[in-house]
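Below is one structure; the comments refer to it alone.
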Amino acid sequence: MPQILQIAAIAVATLGTGAATLTVMNEDIPDLAVPEGDWTTAGALDGITFEIYGKDQASGAEMEDYIVFRDGTFQSTDCEEYCNFGWTDYMTKEIDGATHFTVTAICPDAPHTVVWYGTVTEDEVTVDVTWTTRRWYWTNQISLQAVGTVVPSEAISS
């Protein structure tokens, strides 16, 4: 049998047994699920900046960031530095004296989506965050939890 036919026969046998099966796409990972509710875009947190400290839930890596609310928009200084997310609209709702907020920021230059869900009580904030990177061949997600306190807006450069 000519060599090319032998190679073809081996390839057919290999594929037929599943030994060369390759999956080039993995399943998508959903973004952070934000509770349903009567969200509003009234800018309830405008003028407030929080310095937050948190951890990557998988690796334990520590993070420090400033999150800023201005003119009905939100910005994370770390996200801005990493991917120029810009200012993103945020939504709020009041529950039992606390202001809850959510933001979905999308990087304009790369397949990154960051979803924030936070609760502000007086001068303190707690946040849950997912940073999801979706490419055709894999999806990666970093989950973070952080806490923080109000700082003067002048403490960071806008």
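Along the sequence shown, the residues carry numbers beginning at 1. Keep in mind that what you see is a predicted model, and the values were worked out from it rather than measured.
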Hey, is the main chain of Lys55 close enough, under 3.5 Å, to the side chain of Gln57 for a donor-acceptor pair?
-> yes
Is a side-chain donor or acceptor of Thr102 paired with a backbone partner of Trp116 at a separation under 3.5 angstrom?
-> yes
The single option from Asp31, Asn140, Thr139, Thr113 that satisfies side chain to side chain donor-acceptor pair (under 3.5 Å) with Thr132 is Asp31
In this structure, are over 12 heavy atoms from other groups packed under 6.0 Å from Glu124 atom CD?
-> no
Start with the C-alpha distance between Leu144 and Trp131, add both sets of side-chain angles, then the distance that settles side chain to side chain contact (heavy atoms under 4.5 Å, CB included), and finish with yes or no.
-> CA-CA 8 Å; Leu144 305 160; Trp131 177 300; 5.6 Å; no
Single hit among Phe74, Phe69, Tyr117 for ring-ring contact (aromatic ring centres under 6.0 Å, His included) with Tyr90 | Phe69
Where do Thr133 and Arg135 land on the side chain to side chain contact (heavy atoms under 4.5 Å, CB included) test, with the steps shown first?
-> CA-CA 7 Å; Thr133 302; Arg135 301 198 185 274; 4.2 Å; yes
Shortest non-hydrogen separation from Val103 to Thr88 and the atoms involved | CG1-CG2, 3.8 Å
Under a 4.5 Å side-chain heavy-atom rule over Ile, Leu, Val, Met, Phe, Trp and Tyr, are Met91 and Val115 clustered together?
-> yes
Heavy-atom pair with the smallest gap, counting every atom of Cys83 and Ala110 | SG-CB, 4.1 Å
Would Phe50 and Val114 show up in the same hydrophobic cluster when neighbours are defined by side-chain heavy atoms closer than 4.5 Å?
-> yes
Enter the distance from Ser143:OG to Leu32:CG here, rounded to the nearest 0.5 Å.
-> 7.5 Å
Which heavy atom in Arg134 sits nearest to a heavy atom in Ile29, and how many Å separate them?
-> NH2-O, 2.8 Å
What distance do Thr77 atom OG1 and Asp65 atom CG have between them, rounded to the nearest 0.5 Å?
-> 4.0 Å
Between the CZ atom in Arg70 and the CD1 atom in Ile48, the distance rounded to the nearest 0.5 Å is 14.5 Å
What distance do Leu45 atom CG and Ile67 atom CD1 have between them, rounded to the nearest 0.5 Å?
-> 8.5 Å
Same apolar cluster: Val125 and Val34, side chain cutoff 4.5 Å | no
Check Thr92 against Ala44 and note the closest heavy-atom contact, atom names and distance.
-> OG1-CB, 3.7 Å
What class does the angle between the rings of Phe85 and His112 fall in, given that below 30° is parallel, 30 to 60° is tilted and above 60° is perpendicular?
-> tilted
Provide the full list of salt bridge (charged side-chain N to carboxylate O under 4.0 Å, His left out) pairs with a residue in residues 91-115, sequence neighbours left out, each pair given once.
-> none
Would a distance-only check, ignoring hydrogens and angles, find a side-chain to backbone donor-acceptor pair under 3.5 Å from Gln141 to Pro30?
-> yes
Taking all heavy atoms of His100 and all of Trp39, pick out the closest pair and write down the distance.
-> O-CZ3, 3.5 Å
Backbone N or O of Val150 within a donor-acceptor pair of the Asp123 side chain at under 3.5 Å?
-> no
Minimum-distance pair of heavy atoms, taken over all atoms of Gly86 and Glu80 | N-OE1, 2.5 Å
